[in-house]
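First the structure, in the form of structure tokens, and then the observations on it.
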2 protein chains.
Amino acid sequence: MTLAERSIELFLRRLLLRSNLSMEEQEAIRAVKGTEVTIPFRRDFVVPGRTVEHVSLVAEGVAARFDLMRDGRRAIAELFVPGDVCDLSSLVAPRAGWGLTALNGVHLVQIPHANLRTLMKTHPEIEAAFWRDSAADAGVLAKLVGNMGRRDAKARVAHLFCEMGVRMEATGIGTREHYALNITQEQLGDVMGLTSVHVNRTLSALRDEDAVSFHSHVVRVLDWERLTSIAEFDEAFLLLDQPENARLT
Amino acid sequence: MTLAERSIELFLRRLLLRSNLSMEEQEAIRAVKGTEVTIPFRRDFVVPGRTVEHVSLVAEGVAARFDLMRDGRRAIAELFVPGDVCDLSSLVAPRAGWGLTALNGVHLVQIPHANLRTLMKTHPEIEAAFWRDSAADAGVLAKLVGNMGRRDAKARVAHLFCEMGVRMEATGIGTREHYALNITQEQLGDVMGLTSVHVNRTLSALRDEDAVSFHSHVVRVLDWERLTSIAEFDEAFLLLDQPENARLT
DNA sequence: CGATCATTTGATTTATGTCAACTTTTGTGG
DNA sequence: CCACAAAAGTTGACATAAATCAAATGATCG
């Protein structure tokens, strides 16, 4: 199994948590072709304003949707790990209103829009599944807005670790209590609107109260109960586990 | 023209800024039927976890996507003004992962999912337009994440006023320099992660430097240049003015 | 026309940012 | 595989934006 095949399989697996796709539809997705690309550390691979012709599926590493401030600081709105497609919605809005960057060495599978569009035309249910996936992404964003606006640093960091844990587990690349998250504390800060210094202190605090540890890019949850309580985490916003979503047809 | 017809017209107008719909498709949307409903001040009309059977189009007033904290505080992730559909994506993900509430007396047109689904089935381009609209919403959320994480109160408030101005103008219910925004300073704070007290001070500051004023629920931009500069506002993220979006067919 | 809700203003506290030095880890070329 | 440079993480002292508390004024609505 090639890297591309493996990551499409991850992506499909996650689609199936939210969408009820027939065997034939699943096969159609598995058959999609894309090209593998390596993006070096810190390279932006989608630039705001540019029109993209393909969708970027993360095969390895961590990518991010970011925003650049006048003074050069970055804000990260969304993290993408293996199995995530960074910009499914570019299928309908190809002119990017956002930027995508590699938080470390990232392997992408770039899938031409044309390939997916034929897929959507012949299988309307796949289009719905894609849209549903974008909707879940939007849910994550909305949750982040709430967290940043109304919760302190500890809760925010805790929430991110919960969220990523559940996502990792759902995609099958870790468990919610133990997974790799290959980003720096500074990048963590960019996600949560904190300085790297404060992230560091917050991590110590979370470690000291035996909630979670983050060392050498590995998240280890020490007490899931406690962590979710600090984070006020409720995974409903991820819209997972709802293959009950009726087929539209 | 009834209220429902008028608001569908607003909605359609906005769709057309992003999507290239044929006359026939436009007529099909105009013909959609929904029922008018009045939601009193502060009533939640969509509750997380509940399954919705219809989409909510705002006809009058302001609605919001919100998140509730353990201590009772609210965070608002998104504002919806006349012509906005609050939950288009519920068409594909009917179990709500979010809440919707009325920030004042709100008139909604509730359009049954069934109606829109037949529409999407017969007119695939309409489905794309809907998805595109959700994608734009997600862009707004992502931008808000960036603002809250990396900008101070003044820039955040300024940015919201810019964003809403452009949206109002695009929908045709005001100009970017003068429009009604019928919400309290406390609700403004809920959007931007600030206390009502601090919102108040920030508004004074923006007023004092002749950027913008907000009185009796009317936003009056005194100096658009200055305001956008304070906000670092660039409307690209709204994905407006791109009817060049190819038809998928 | 009183009561509730929203806005305004001041005094004080707190969470987080900033600056700076130091240590540890990582990655790379010899 | 080592040595060393660069990047990341850690810690402390201090600064500041925004929160909190509190009280007064102004608006709105039965």
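Here is how names work: the chains are called A, B, and so on, in the same order as the sequence lines, proteins then strands, and each is numbered from 1.
The distance from atom CZ of B:F214 to atom P of C:dT7 is 7 Å, rounded to the nearest whole Å. Spacing between atom CZ of B:R207 and atom C1' of C:dT7 amounts to 16 Å, rounded to whole angstrom units. Rounded to a whole Å, the CZ atom of A:R201 is 13 Å from the P atom of D:dC14. Protein atom CG of A:N200 is 16 Å distant from nucleotide atom P of C:dT23, rounded to whole Å. Nucleotide C:dA6 holds its C1' atom 10 Å from the CZ atom of B:R42, rounded to whole Å. Spacing between atom NE2 of A:H198 and atom P of D:dG12 amounts to 15 Å, rounded to whole angstrom units. Spacing between atom CG of B:D190 and atom P of C:dA6 amounts to 11 Å, rounded to whole angstrom units. The separation between B:L103 atom CG and C:dA6 atom P is 12 Å, rounded to whole Å.
Counting non-hydrogen atoms under 4.0 angstrom, A:F41 reaches the backbone sugars and phosphates but no base. A:G189 comes within 4.0 angstrom of nothing in the nucleic acid, heavy atoms only. Looking at heavy-atom distances under 4.0 Å, A:R150 makes no contact with the nucleic acid at all. Within 4.0 Å (heavy atoms only), A:G193 reaches sugar-phosphate atoms of the nucleic acid but no base atom.
Under the 3.5 Å distance criterion, the side-chain polar atoms of B:D44 are left unmatched by any main-chain donor or acceptor of B:V46. One N or O on the side chain of B:R226 and one on the backbone of B:E209 form a donor-acceptor pair closer than 3.5 Å. With hydrogens and angles ignored, the 3.5 Å screen pairs no side-chain donor or acceptor of A:T171 with any backbone N or O of A:I173. No side-chain donor-acceptor contact under 3.5 Å links A:N200 to the backbone of A:Q185.
In this structure the side chain of B:V166 reaches within 4.5 angstrom of the side chain of B:F233, judged on heavy atoms.
For A:A153, counting side-chain heavy atoms from C-beta on, the closest listed nucleotide (D:dA19, C:dT16, C:dT9) is C:dT16. For A:V197, the side-chain atoms get nearest to C:dC19 when compared with the rest of D:dC21, D:dG9, C:dC19. Listed nucleotides: D:dT11, D:dA17, D:dA19. Nearest to the side chain of B:D152: D:dA17. Residue B:H215 places its side chain closer to C:dT8 than to any other of D:dA18, C:dT8, C:dT26.
An OP1 or OP2 oxygen of D:dA8 is reached within less than 4.0 angstrom by no side-chain nitrogen or oxygen of A:Q187. At C:dT16, one or more side-chain N or O atoms of A:R156 fall inside 4.0 Å of OP1 or OP2 (strictly under the cut-off). Side-chain nitrogen and oxygen atoms of A:Q185 include none within less than 4.0 Å of the OP1 or OP2 phosphate oxygen of D:dA7.
A heavy atom closer than 4.0 Å to some atom of DNA chain C occurs in no member of residues 69-76 of chain B.
Between A:E186 and A:G149, the one whose closest nucleotide on DNA chain D sits nearer the 5' end is A:E186.
With ring centers used as reference points, A:H159 lies under 6.0 Å from A:F237.
With B:F80 as the partner, the side-chain contact (heavy atoms from CB on, under 4.5 Å) test is satisfied by one option alone out of B:V58, B:V85, B:D87, B:L103: B:V58.
Taking each heavy atom of A:F66 and A:L68 in turn, the nearest pair found is CD1-N, 4.2 Å.
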